[in-house]
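Within every chain, numbering begins at 1; the chains are lettered A, B, ... in the order of the sequence lines, protein sequences first and strands thereafter.
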2 protein chains.
Amino acid sequence: MRLTTKGRYAVTAMLDLALHHDQGPIRLAGISDRQGISLSYLEQLFAQLRRQDLVKSVRGPGGGYHLGRHAGAISVAEVIAAVNEDTDTTRCGGSGDCQEGETCLTHHLWMDLSDQVREFLQNISLGDLVQRQDIRRVSQKQERRTKDQERKVDQILASNL
Amino acid sequence: MRLTTKGRYAVTAMLDLALHHDQGPIRLAGISDRQGISLSYLEQLFAQLRRQDLVKSVRGPGGGYHLGRHAGAISVAEVIAAVNEDTDTTRCGGSGDCQEGETCLTHHLWMDLSDQVREFLQNISLGDLVQRQDIRRVSQKQERRTKDQERKVDQILASNL
DNA sequence: TTAAATCCTAGTAATTTAGTCGGGTATAAA
DNA sequence: TTTATACCCGACTAAATTACTAGGATTTAA
């Protein structure tokens, strides 16, 4: 279980999805606007999330993404694991025959540590995060901001008629 | 608190140090042999570890490295943090003024998660790891292997006189 | 004085991250 | 039936990080 910014992007995007789950399919363009992540990068992340059934897609106009399960049943660990696609964790693929057992000191130790971290993150669900006051507050601020922007765009379009 | 292979290398090297703490200063060349990490890379890692007072160096022949404190007082979290040198964790340096509070959803959430992981790893010391049976076993195997190699080298040198 | 070891800097190949570009394809709505 | 919307897909790229190499300087025990 590596902890990197890529995983954070994925968790953020999934959290955005969880926060808006009652508004039908959520467009990636919206997530991109609200969270400041590039659309194409989101597409790549969601391709991986979809393969793990963490999200469901609806194609065509009015389409977007749903959570694959309800927010309480999706752990932060799953989301991170989905986009990190375990990079073989150095040479021997768990077989333990790397360098006559030499790297296994490293190997077992780290597997163990990261397992415990994984277990820890497995006990935090997107549902838990959505409940948090600080997150709700920031989310509402984001909503107001994007609504303002939409209004401005509308005004400009109207004045150009 | 990012979890990467770099941090693992550092923890492995420090653990090697802890396992041999009773044998005077430990040479990086020895750690390199036993753990299969390149010497120069170890030098870089130990430069960072030394700056954080996690190790003490002894220069000159017969020199090497000691743990900066006893193994029970060095946490895995410290070791990882020492070599990861926090890479500003995306744009706003904790100030929260990044994009009108926008990335702060991400920011707070992730800070919080990684803080909890840090706290978790802070409760695991090198001393704890040294106690573990599986680690002691692998370590002993490593010792035998390197001793064998030394013997072989000695034989070759002797036959070339 | 010599050799062993840490120290230090610079460079570099491989990998990962984050993103762009340019097209597809499914589908709701006009 | 057309069109616009949104997902889908693959290749390519810049920047950062990782892991490592090279080459020397410095300290110090023998």
Is the backbone N or O of [Y] less than 3.5 Å from a side-chain atom of [X], with the two atoms forming a donor-acceptor pair by type?
X       : Y        : value
A/Thr12 : A/Arg8   : yes
B/Ser75 : B/Ile124 : no
B/Arg69 : B/Leu54  : no
B/His21 : B/Leu17  : no

Nearest-angstrom distance from the residue atom [atom1] of [X] to [atom2] of [N]:
X       : N      : atom1 : atom2 : result
A/Leu49 : D/dC8  : CG    : C1'   : 14 Å
A/Asp33 : D/dA6  : CG    : P     : 12 Å
B/Arg27 : D/dA29 : CZ    : P     : 17 Å
A/Lys6  : D/dA15 : NZ    : C1'   : 15 Å
A/Leu45 : D/dC7  : CG    : C1'   : 15 Å
A/Ile37 : C/dT20 : CD1   : P     : 12 Å
A/Leu3  : C/dT16 : CG    : P     : 17 Å

Can you tell me which nucleotide in D/dA19, C/dC7, D/dC7 comes closest to the side chain of B/Ser57? C/dC7
For [X], which contact category applies under a 4.0 Å heavy-atom criterion: base, sugar-phosphate, or nothing?
X       : value
B/Phe46 : nothing
B/Leu42 : nothing
A/Leu28 : sugar-phosphate

Taking OP1 and OP2 of [N], is either one under 4.0 Å from a side-chain nitrogen or oxygen of [X]?
X       : N      : value
A/Tyr41 : C/dG19 : no
B/Thr4  : D/dT17 : no
A/Arg2  : C/dT15 : no
B/Arg50 : C/dC8  : yes

Using a 4.0 Å cut-off on protein heavy atoms (strictly under), produce a 5'-to-3' string for nucleotides 21-30 of chain C with B for base contact, S for backbone-only sugar-phosphate contact, and - for none. B--BBBBB--
Check the angle between the aromatic planes of A/Phe46 and A/Tyr65 and answer parallel, tilted or perpendicular using the 30° and 60° thresholds. tilted
For B/Phe120, all residues meeting ring-ring contact (aromatic ring centres under 6.0 Å, His included), sequence neighbours excluded: none
Mind checking whether B/Val130 and B/Val55 sit in one hydrophobic cluster, side chains of I, L, V, M, F, W, Y counted as touching below 4.5 Å? yes
